[in-house]
Amino acid sequence: MFVAQLARKKEVNSAFFYDFEVNDEGKLVRVFWADATSRKNYSHFGDVISFDSTYTTNQYNMIFAPFTGVNHHLQSVFFAVAFLSNEKDESYIWLFETFLRAMGGVAPRLIITDEATSIKNGIDKVFPTTIHRLCMWHIMEKVPEKVGPVVREDSQFWTRLNSCVWGSETSTKFELQWNSIIIDFGLEENEWLTKRFSIRDTWIPTYFMDISLAGILRTTSRSESANSFFNRFIHRRLAFVEFWLRFDTALECQREEELMADNRSIHTTPQLFTPWTMEKQGSEVFTYEVFEKFQLQVLAARDHCCVQSITQGVGVKHVTLRDRSGKVREVCYDTASMTTNCSCKLFESLGIPCRHIIQVLRIENQNELPSCFIMKRWQKRCKR
(Lines give C-alpha, C1' and ligand atoms only; values in the text may rest on other atoms or scores of the structure.)
Protein backbone atom coordinates (compact mmCIF):
# COMPACT_ATOMS: atom_id res chain seq x y z
CA MET A 1 0.00 0.00 0.00
CA PHE A 2 2.79 2.38 0.92
CA VAL A 3 4.81 1.85 -2.27
CA ALA A 4 1.58 2.10 -4.29
CA GLN A 5 0.96 5.48 -2.65
CA LEU A 6 4.41 6.66 -3.81
CA ALA A 7 3.69 5.37 -7.32
CA ARG A 8 0.40 7.33 -7.41
CA LYS A 9 2.25 10.50 -6.40
CA LYS A 10 4.65 9.92 -9.30
CA GLU A 11 1.72 9.51 -11.72
CA VAL A 12 0.19 12.80 -10.60
CA ASN A 13 3.49 14.70 -10.77
CA SER A 14 6.45 13.39 -12.75
CA ALA A 15 8.82 15.50 -10.60
CA PHE A 16 8.01 13.29 -7.60
CA PHE A 17 10.99 10.95 -7.03
CA TYR A 18 11.02 7.66 -5.18
CA ASP A 19 12.97 4.43 -5.10
CA PHE A 20 12.89 1.30 -2.96
CA GLU A 21 14.49 -2.12 -2.55
CA VAL A 22 13.13 -5.45 -1.34
CA ASN A 23 15.09 -8.49 -0.16
CA ASP A 24 14.90 -12.04 -1.49
CA GLU A 25 11.70 -12.67 0.49
CA GLY A 26 10.04 -9.60 -1.03
CA LYS A 27 10.32 -7.66 2.23
CA LEU A 28 10.81 -3.89 1.96
CA VAL A 29 14.31 -3.01 3.23
CA ARG A 30 14.88 0.50 1.88
CA VAL A 31 12.63 3.26 0.62
CA PHE A 32 13.34 6.90 -0.33
CA TRP A 33 11.20 9.74 -1.61
CA ALA A 34 11.34 13.45 -2.36
CA ASP A 35 8.50 15.46 -3.87
CA ALA A 36 8.78 18.28 -6.42
CA THR A 37 8.75 21.05 -3.81
CA SER A 38 11.44 19.36 -1.72
CA ARG A 39 13.68 18.95 -4.77
CA LYS A 40 13.15 22.60 -5.71
CA ASN A 41 13.98 23.65 -2.14
CA TYR A 42 17.22 21.66 -2.39
CA SER A 43 18.21 23.66 -5.49
CA HIS A 44 17.91 26.86 -3.39
CA PHE A 45 19.04 25.78 0.07
CA GLY A 46 20.86 22.45 -0.36
CA ASP A 47 24.39 23.79 0.11
CA VAL A 48 24.22 22.86 3.81
CA ILE A 49 22.11 19.90 4.92
CA SER A 50 21.41 17.92 8.05
CA PHE A 51 20.95 14.16 7.92
CA ASP A 52 19.56 12.41 10.99
CA SER A 53 19.01 8.69 11.49
CA THR A 54 18.40 8.74 15.25
CA TYR A 55 14.61 8.99 15.20
CA THR A 56 12.10 6.50 16.57
CA THR A 57 11.53 3.55 14.26
CA ASN A 58 8.15 2.52 12.93
CA GLN A 59 6.32 -0.70 13.77
CA TYR A 60 8.48 -2.61 11.27
CA ASN A 61 11.65 -1.55 13.12
CA MET A 62 12.80 0.59 10.22
CA ILE A 63 14.88 3.71 10.81
CA PHE A 64 13.34 7.03 9.81
CA ALA A 65 16.04 9.16 8.15
CA PRO A 66 15.15 12.69 6.96
CA PHE A 67 17.35 15.17 5.06
CA THR A 68 16.64 18.74 6.17
CA GLY A 69 18.01 22.23 5.66
CA VAL A 70 17.21 25.86 6.41
CA ASN A 71 15.24 28.18 4.14
CA HIS A 72 15.46 31.96 3.67
CA HIS A 73 13.23 32.52 6.73
CA LEU A 74 15.55 30.45 8.97
CA GLN A 75 12.88 27.73 9.09
CA SER A 76 13.60 24.01 8.83
CA VAL A 77 12.81 22.64 5.39
CA PHE A 78 12.63 19.05 4.05
CA PHE A 79 14.70 17.83 1.13
CA ALA A 80 14.00 14.08 1.25
CA VAL A 81 13.00 11.22 3.55
CA ALA A 82 13.92 7.55 3.82
CA PHE A 83 13.26 4.38 5.79
CA LEU A 84 16.08 1.85 6.24
CA SER A 85 15.88 -1.64 7.74
CA ASN A 86 19.45 -1.48 9.12
CA GLU A 87 22.43 0.83 9.59
CA LYS A 88 24.99 -1.10 7.58
CA ASP A 89 27.41 0.67 5.24
CA GLU A 90 25.58 -0.58 2.14
CA SER A 91 22.28 0.90 3.37
CA TYR A 92 23.77 4.38 3.65
CA ILE A 93 25.68 4.05 0.39
CA TRP A 94 22.40 3.12 -1.37
CA LEU A 95 20.61 6.01 0.36
CA PHE A 96 23.20 8.67 -0.48
CA GLU A 97 23.48 7.46 -4.09
CA THR A 98 19.68 7.59 -4.40
CA PHE A 99 19.63 11.08 -2.86
CA LEU A 100 22.25 12.21 -5.37
CA ARG A 101 20.14 10.88 -8.28
CA ALA A 102 17.05 12.65 -6.91
CA MET A 103 18.92 15.94 -6.70
CA GLY A 104 20.32 15.91 -10.23
CA GLY A 105 23.79 14.75 -9.21
CA VAL A 106 24.43 17.85 -7.07
CA ALA A 107 26.07 16.95 -3.75
CA PRO A 108 25.75 19.23 -0.71
CA ARG A 109 28.73 21.41 0.17
CA LEU A 110 28.41 20.54 3.86
CA ILE A 111 26.52 17.75 5.64
CA ILE A 112 25.92 17.47 9.38
CA THR A 113 25.12 14.05 10.86
CA ASP A 114 25.37 12.03 14.05
CA GLU A 115 28.48 10.00 14.86
CA ALA A 116 27.63 6.63 13.24
CA THR A 117 30.67 5.14 11.49
CA SER A 118 28.49 3.64 8.74
CA ILE A 119 27.16 7.12 7.88
CA LYS A 120 30.72 8.45 7.66
CA ASN A 121 31.70 5.58 5.39
CA GLY A 122 28.71 6.26 3.13
CA ILE A 123 29.53 9.98 2.91
CA ASP A 124 33.21 9.29 2.16
CA LYS A 125 32.23 7.03 -0.75
CA VAL A 126 29.28 8.94 -2.26
CA PHE A 127 30.05 12.57 -1.30
CA PRO A 128 33.88 12.65 -1.37
CA THR A 129 34.09 16.43 -1.80
CA THR A 130 31.41 17.27 0.79
CA ILE A 131 32.56 18.67 4.14
CA HIS A 132 31.30 16.41 6.94
CA ARG A 133 30.66 17.72 10.45
CA LEU A 134 28.95 16.18 13.49
CA CYS A 135 25.80 17.51 15.13
CA MET A 136 26.66 19.28 18.38
CA TRP A 137 23.17 18.75 19.74
CA HIS A 138 23.44 14.97 19.60
CA ILE A 139 26.83 15.03 21.28
CA MET A 140 25.78 17.46 24.04
CA GLU A 141 22.60 15.42 24.63
CA LYS A 142 24.78 12.45 25.63
CA VAL A 143 26.93 14.35 28.14
CA PRO A 144 24.66 13.85 31.24
CA GLU A 145 24.70 10.05 30.98
CA LYS A 146 28.44 9.99 30.22
CA VAL A 147 29.69 12.12 33.14
CA GLY A 148 27.74 10.50 35.98
CA PRO A 149 25.24 11.84 38.56
CA VAL A 150 27.63 13.93 40.67
CA VAL A 151 29.04 16.00 37.81
CA ARG A 152 25.77 16.35 35.89
CA GLU A 153 24.06 17.89 38.96
CA ASP A 154 26.78 20.54 39.24
CA SER A 155 25.53 23.78 37.64
CA GLN A 156 29.09 25.12 37.49
CA PHE A 157 30.06 22.23 35.22
CA TRP A 158 27.35 23.11 32.70
CA THR A 159 28.15 26.82 32.79
CA ARG A 160 31.79 26.14 32.06
CA LEU A 161 31.18 23.41 29.47
CA ASN A 162 28.69 25.52 27.50
CA SER A 163 31.05 28.49 27.57
CA CYS A 164 33.89 26.26 26.38
CA VAL A 165 31.95 24.52 23.59
CA TRP A 166 29.89 27.45 22.30
CA GLY A 167 31.96 30.46 23.29
CA SER A 168 35.55 29.54 22.41
CA GLU A 169 36.68 31.69 19.49
CA THR A 170 40.06 30.01 18.96
CA SER A 171 41.21 26.41 19.10
CA THR A 172 43.81 27.35 21.73
CA LYS A 173 41.17 28.88 24.01
CA PHE A 174 38.89 25.85 23.58
CA GLU A 175 41.65 23.39 24.42
CA LEU A 176 42.74 25.31 27.51
CA GLN A 177 39.18 25.54 28.83
CA TRP A 178 38.38 21.91 28.02
CA ASN A 179 41.49 20.60 29.78
CA SER A 180 40.75 22.80 32.79
CA ILE A 181 37.19 21.38 33.05
CA ILE A 182 38.43 17.78 32.73
CA ILE A 183 40.93 18.28 35.57
CA ASP A 184 38.66 20.30 37.87
CA PHE A 185 35.84 17.75 37.68
CA GLY A 186 38.06 14.65 37.81
CA LEU A 187 37.16 13.40 34.33
CA GLU A 188 40.66 12.43 33.18
CA GLU A 189 39.69 8.74 32.91
CA ASN A 190 36.45 9.35 31.02
CA GLU A 191 36.96 7.55 27.70
CA TRP A 192 33.91 9.07 26.04
CA LEU A 193 35.06 12.65 26.69
CA THR A 194 38.60 11.77 25.64
CA LYS A 195 37.23 10.49 22.31
CA ARG A 196 35.10 13.63 21.83
CA PHE A 197 38.21 15.75 22.39
CA SER A 198 40.18 13.72 19.84
CA ILE A 199 37.54 14.51 17.16
CA ARG A 200 37.02 18.11 18.31
CA ASP A 201 37.60 19.54 14.82
CA THR A 202 34.43 17.76 13.59
CA TRP A 203 31.95 19.30 16.05
CA ILE A 204 33.35 22.33 17.91
CA PRO A 205 32.36 25.57 16.07
CA THR A 206 35.70 27.31 16.50
CA TYR A 207 37.30 24.73 14.20
CA PHE A 208 35.02 25.52 11.26
CA MET A 209 34.07 29.19 11.53
CA ASP A 210 35.52 29.74 8.06
CA ILE A 211 32.99 27.39 6.48
CA SER A 212 30.27 29.51 4.95
CA LEU A 213 26.84 28.96 6.51
CA ALA A 214 28.01 26.33 8.98
CA GLY A 215 26.37 28.45 11.66
CA ILE A 216 22.82 27.84 10.50
CA LEU A 217 22.97 24.15 11.35
CA ARG A 218 25.33 23.95 14.27
CA THR A 219 22.99 25.51 16.82
CA THR A 220 21.19 23.51 19.47
CA SER A 221 17.88 25.19 18.65
CA ARG A 222 18.01 24.03 15.03
CA SER A 223 18.25 20.34 15.93
CA GLU A 224 15.77 20.76 18.78
CA SER A 225 13.16 22.33 16.51
CA ALA A 226 13.57 19.58 13.90
CA ASN A 227 13.38 16.98 16.66
CA SER A 228 10.16 18.37 18.12
CA PHE A 229 8.69 18.67 14.63
CA PHE A 230 9.32 15.01 13.81
CA ASN A 231 8.21 13.80 17.22
CA ARG A 232 4.77 15.27 16.56
CA PHE A 233 4.04 12.37 14.24
CA ILE A 234 6.63 9.62 14.81
CA HIS A 235 6.52 9.23 18.58
CA ARG A 236 4.51 6.00 18.18
CA ARG A 237 5.26 2.81 16.29
CA LEU A 238 3.22 3.59 13.22
CA ALA A 239 2.34 1.55 10.15
CA PHE A 240 3.69 3.01 6.89
CA VAL A 241 0.36 4.32 5.62
CA GLU A 242 -0.50 5.98 8.94
CA PHE A 243 2.98 7.49 9.02
CA TRP A 244 2.53 8.78 5.47
CA LEU A 245 -0.73 10.57 6.35
CA ARG A 246 0.81 12.21 9.43
CA PHE A 247 3.98 13.14 7.57
CA ASP A 248 2.07 14.66 4.65
CA THR A 249 0.01 16.77 7.05
CA ALA A 250 3.14 17.97 8.86
CA LEU A 251 4.79 18.82 5.53
CA GLU A 252 1.77 20.90 4.51
CA CYS A 253 1.96 22.76 7.83
CA GLN A 254 5.64 23.48 7.31
CA ARG A 255 5.03 24.84 3.82
CA GLU A 256 2.08 26.92 4.98
CA GLU A 257 4.37 28.56 7.54
CA GLU A 258 6.85 29.40 4.78
CA LEU A 259 4.11 30.98 2.64
CA MET A 260 2.99 33.10 5.60
CA ALA A 261 6.59 34.20 6.21
CA ASP A 262 6.96 35.03 2.49
CA ASN A 263 3.84 37.15 2.63
CA ARG A 264 5.05 39.03 5.72
CA SER A 265 8.50 39.68 4.21
CA ILE A 266 7.17 40.94 0.88
CA HIS A 267 4.15 42.94 2.04
CA THR A 268 5.22 44.50 5.34
CA THR A 269 7.98 46.98 6.12
CA PRO A 270 10.01 46.47 9.28
CA GLN A 271 10.57 49.41 11.61
CA LEU A 272 13.88 51.19 10.99
CA PHE A 273 15.89 52.60 13.88
CA THR A 274 18.59 54.60 12.06
CA PRO A 275 18.64 56.98 9.08
CA TRP A 276 21.36 54.81 7.52
CA THR A 277 20.82 53.83 3.87
CA MET A 278 22.37 50.46 4.67
CA GLU A 279 19.64 49.57 7.16
CA LYS A 280 16.92 50.55 4.67
CA GLN A 281 18.65 48.52 1.96
CA GLY A 282 18.72 45.47 4.26
CA SER A 283 15.00 45.83 4.99
CA GLU A 284 14.26 45.80 1.25
CA VAL A 285 16.37 42.77 0.25
CA PHE A 286 16.54 40.45 3.29
CA THR A 287 13.64 38.38 4.56
CA TYR A 288 12.06 39.63 7.78
CA GLU A 289 13.84 37.04 9.93
CA VAL A 290 17.29 37.65 8.45
CA PHE A 291 16.80 41.42 8.51
CA GLU A 292 16.15 41.27 12.28
CA LYS A 293 19.59 39.72 12.74
CA PHE A 294 21.20 42.22 10.37
CA GLN A 295 19.47 45.14 12.11
CA LEU A 296 20.96 44.06 15.45
CA GLN A 297 24.40 44.33 13.87
CA VAL A 298 23.58 47.79 12.45
CA LEU A 299 22.48 49.04 15.89
CA ALA A 300 25.56 47.53 17.54
CA ALA A 301 27.76 49.25 14.94
CA ARG A 302 26.08 52.57 15.74
CA ASP A 303 26.05 52.25 19.53
CA HIS A 304 28.91 50.00 20.61
CA CYS A 305 31.61 49.87 17.94
CA CYS A 306 34.64 52.12 18.54
CA VAL A 307 37.55 52.39 16.12
CA GLN A 308 40.87 51.95 17.96
CA SER A 309 43.33 52.34 15.10
CA ILE A 310 43.64 52.37 11.30
CA THR A 311 46.78 51.12 9.56
CA GLN A 312 47.26 51.72 5.85
CA GLY A 313 49.03 48.92 3.96
CA VAL A 314 49.58 48.40 0.22
CA GLY A 315 46.03 48.53 -1.14
CA VAL A 316 44.66 47.30 2.22
CA LYS A 317 43.49 49.07 5.36
CA HIS A 318 43.62 47.30 8.70
CA VAL A 319 41.04 48.69 11.10
CA THR A 320 41.04 47.68 14.76
CA LEU A 321 37.73 48.04 16.62
CA ARG A 322 36.42 47.34 20.10
CA ASP A 323 32.78 46.55 20.84
CA ARG A 324 30.68 46.32 24.00
CA SER A 325 32.02 42.85 24.79
CA GLY A 326 35.45 44.42 25.19
CA LYS A 327 36.89 42.16 22.48
CA VAL A 328 39.22 43.71 19.93
CA ARG A 329 38.46 42.86 16.28
CA GLU A 330 40.46 43.49 13.15
CA VAL A 331 38.83 44.26 9.81
CA CYS A 332 40.84 44.11 6.57
CA TYR A 333 39.47 46.38 3.85
CA ASP A 334 40.75 46.02 0.28
CA THR A 335 40.55 49.54 -1.13
CA ALA A 336 40.58 48.37 -4.77
CA SER A 337 37.97 45.58 -4.70
CA MET A 338 36.16 46.94 -1.61
CA THR A 339 36.08 43.43 -0.15
CA THR A 340 36.16 43.25 3.62
CA ASN A 341 36.70 40.51 6.18
CA CYS A 342 36.62 40.53 9.96
CA SER A 343 38.35 38.43 12.60
CA CYS A 344 35.00 37.71 14.30
CA LYS A 345 33.99 35.51 11.29
CA LEU A 346 30.28 36.24 11.64
CA PHE A 347 29.78 36.67 7.90
CA GLU A 348 31.76 33.53 7.08
CA SER A 349 29.74 31.36 9.45
CA LEU A 350 26.26 32.96 9.29
CA GLY A 351 26.22 34.87 6.03
CA ILE A 352 25.25 38.15 7.76
CA PRO A 353 27.63 41.17 7.84
CA CYS A 354 28.92 41.89 11.35
CA ARG A 355 28.89 45.22 13.20
CA HIS A 356 32.62 45.65 12.63
CA ILE A 357 32.37 45.37 8.83
CA ILE A 358 29.35 47.71 8.82
CA GLN A 359 31.30 50.29 10.80
CA VAL A 360 34.32 50.09 8.48
CA LEU A 361 32.12 50.42 5.38
CA ARG A 362 30.66 53.60 6.86
CA ILE A 363 34.14 54.96 7.62
CA GLU A 364 34.93 54.36 3.93
CA ASN A 365 31.77 56.26 2.93
CA GLN A 366 30.11 53.08 1.64
CA ASN A 367 26.49 53.84 2.43
CA GLU A 368 25.18 50.61 0.91
CA LEU A 369 26.17 47.00 1.44
CA PRO A 370 28.33 45.72 -1.44
CA SER A 371 26.63 42.86 -3.32
CA CYS A 372 29.15 40.33 -1.94
CA PHE A 373 27.50 40.76 1.50
CA ILE A 374 23.97 40.06 0.24
CA MET A 375 23.66 36.29 -0.02
CA LYS A 376 21.01 35.11 -2.44
CA ARG A 377 19.71 32.48 0.01
CA TRP A 378 18.70 35.23 2.48
CA GLN A 379 16.82 37.42 -0.01
CA LYS A 380 13.04 37.84 -0.04
CA ARG A 381 12.78 36.77 -3.67
CA CYS A 382 15.51 34.12 -3.70
CA LYS A 383 13.10 31.58 -5.21
CA ARG A 384 11.86 33.82 -8.01
Side-chain angles (χ1 to χ4, degrees), residues 44-45 47-48 70-74 109 169 208-216 264-266 268-384:
H44 295 297
F45 310 117
D47 51 345
V48 180
V70 175
N71 69 8
H72 50 319
H73 299 293
L74 305 177
R109 190 171 45 75
E169 291 191 351
F208 45 101
M209 290 181 77
D210 282 326
I211 299 174
S212 177
L213 294 177
I216 62 173
R264 185 168 81 136
S265 280
I266 292 168
T268 63
T269 305
Q271 184 180 357
L272 303 180
F273 295 112
T274 74
W276 295 3
T277 307
M278 200 178 291
E279 186 190 14
K280 187 172 189 297
Q281 177 195 13
S283 73
E284 291 168 350
V285 296
F286 293 133
T287 62
Y288 211 95
E289 296 76 14
V290 174
F291 173 69
E292 283 183 341
K293 292 186 178 296
F294 172 66
Q295 188 177 52
L296 289 175
Q297 296 301 318
V298 170
L299 295 176
R302 182 193 68 181
D303 299 337
H304 307 300
C305 238
C306 303
V307 175
Q308 303 281 289
S309 65
I310 301 176
T311 309
Q312 180 71 58
V314 181
V316 179
K317 279 186 182 176
H318 296 275
V319 184
T320 304
L321 305 99
R322 186 185 295 274
D323 59 25
R324 188 165 59 173
S325 69
K327 292 174 180 172
V328 175
R329 307 294 189 184
E330 183 175 328
V331 176
C332 296
Y333 177 78
D334 188 310
T335 51
S337 65
M338 294 189 293
T339 55
T340 314
N341 58 70
C342 178
S343 60
C344 81
K345 308 279 190 186
L346 184 78
F347 181 71
E348 285 80 354
S349 61
L350 286 176
I352 296 168
C354 65
R355 61 198 68 184
H356 317 104
I357 285 175
I358 292 168
Q359 187 71 298
V360 169
L361 289 172
R362 286 185 54 75
I363 292 168
E364 293 298 315
N365 295 315
Q366 293 285 319
N367 292 322
E368 292 199 342
L369 277 177
S371 59
C372 61
F373 288 116
I374 302 173
M375 297 193 70
K376 187 184 177 189
R377 65 143 42 238
W378 297 143
Q379 294 179 33
K380 294 179 183 182
R381 299 183 183 274
C382 69
K383 286 186 165 187
R384 302 300 170 91

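Atom OG of Ser343 and atom NZ of Lys345 lie 8.0 Å apart (nearest 0.5 Å). Note: Arg329 CZ to Ile357 CD1 = 11.5 Å, rounded to the nearest 0.5 Å. Note that the CG atom of Asp323 and the SG atom of Cys344 stand 8.5 Å from one another [nearest 0.5 Å]. Summarising the geometry, atom CZ belonging to Arg302 is positioned 6.5 Å from atom OG1 belonging to Thr274; distances are rounded to the nearest 0.5 Å.
Closest approach of Ile363 and Val307 over heavy atoms only: CD1-CG2, 3.3 Å. The two residues Arg377 and His44 have their closest heavy-atom pair at CB-O, 4.5 Å. A pairwise comparison of heavy atoms in Gly351 and Met375 identifies CA-SD, 3.4 Å as the closest pair. Scanning all heavy atoms of the two residues, the minimum distance from Val290 to Trp378 falls at CG2-CE3, 3.6 Å. In terms of heavy-atom proximity, Thr335 sits nearest to Val316 at OG1-N, 4.3 Å.
Counting only heavy atoms from C-beta outward, the side chains of Glu368 and Phe373 never approach each other to under 4.5 Å. Looking at Cys354 and Phe347, their side chains never come closer than 4.5 Å, going by heavy atoms from C-beta outward. Phe291 is listed as a side-chain neighbour of Leu272, based on a closest heavy-atom distance under 4.5 Å. Considering only heavy atoms from C-beta on, Tyr288 comes within 4.5 Å of Pro270 through its side chain. Between Phe286 and Ile352 the shortest side-chain heavy-atom distance does not fall below 4.5 Å. Inter-residue side-chain proximity for Ile310 and His318 is flagged as unmet; no heavy-atom pair is nearer than 4.5 Å. Side chains of Met278 and Leu361 form a contact here, defined as non-hydrogen atoms less than 4.5 Å apart. Val298 is not listed as a side-chain neighbour of Phe273, based on a closest heavy-atom distance of 4.5 Å or more.
Side chain of Lys380 to backbone of Thr287: no donor-acceptor contact under 3.5 angstrom is found. With hydrogens and angles ignored, the 3.5 Å screen pairs a side-chain donor or acceptor of Gln297 with a backbone N or O of Arg355. When atom types are taken as modelled, the side chain of Thr277 and the backbone of Asn367 share no donor-acceptor pair closer than 3.5 angstrom. For the pair Glu348 (side chain) and Met209 (backbone), a donor-acceptor distance under 3.5 Å is absent. For the pair Gln281 (side chain) and Leu369 (backbone), a donor-acceptor distance under 3.5 Å is present. The closest donor-acceptor contact from the side chain of Gln359 to the backbone of Cys305 lies under 3.5 Å.
Every residue two or more places apart in sequence or in another chain was checked for a salt bridge (charged side-chain N to carboxylate O under 4.0 Å, His left out) with Arg322, and none qualifies.
A salt bridge links Lys327 with Glu169: the closest approach of a Lys/Arg side-chain nitrogen to an acidic carboxylate oxygen falls below 4.0 angstrom. In summary, Glu364 and Lys317 engage in a salt bridge, as defined by a charged side-chain N under 4.0 Å from a carboxylate O. Using a cut-off of 4.0 Å between Lys/Arg side-chain N and Asp/Glu carboxylate O, Glu289 and Arg264 are scored as salt-bridged.
Figure legend: cation-pi geometry between Arg362 and Trp276, with NZ or CZ positioned under 6.0 Å from the six-membered ring centre and within 45° of its axis.
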Exercise. Would Phe294 and Ile358 count as a side-chain contact (heavy atoms from CB on, under 4.5 Å) if you check the C-alpha gap in whole Å, the side-chain angles of each, and the deciding distance to 0.1 Å?
Worked result: CA-CA 10 Å; Phe294 172 66; Ile358 292 168; 3.7 Å; yes
For this session: Could you check Thr340 against Val331 for side-chain contact (heavy atoms from CB on, under 4.5 Å), going step by step and ending with a plain yes or no?
Result: CA-CA 7 Å; Thr340 314; Val331 176; 3.1 Å; yes
Exercise. Between Glu330 and Thr320, does a side-chain hydrogen bond (donor to acceptor under 3.5 Å, both in side chains) hold up when you go through it step by step?
Worked result: CA-CA 5 Å; Glu330 183 175 328; Thr320 304; 4.9 Å; no
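A 6.0 Å sphere centred on NZ of Lys383 holds more than 12 heavy atoms belonging to other residues, nucleotides or ligands.
Aromatic rings of Phe45 and His72 (six-membered ring for Trp) have centroids within the 6.0 Å cut-off, being under it.
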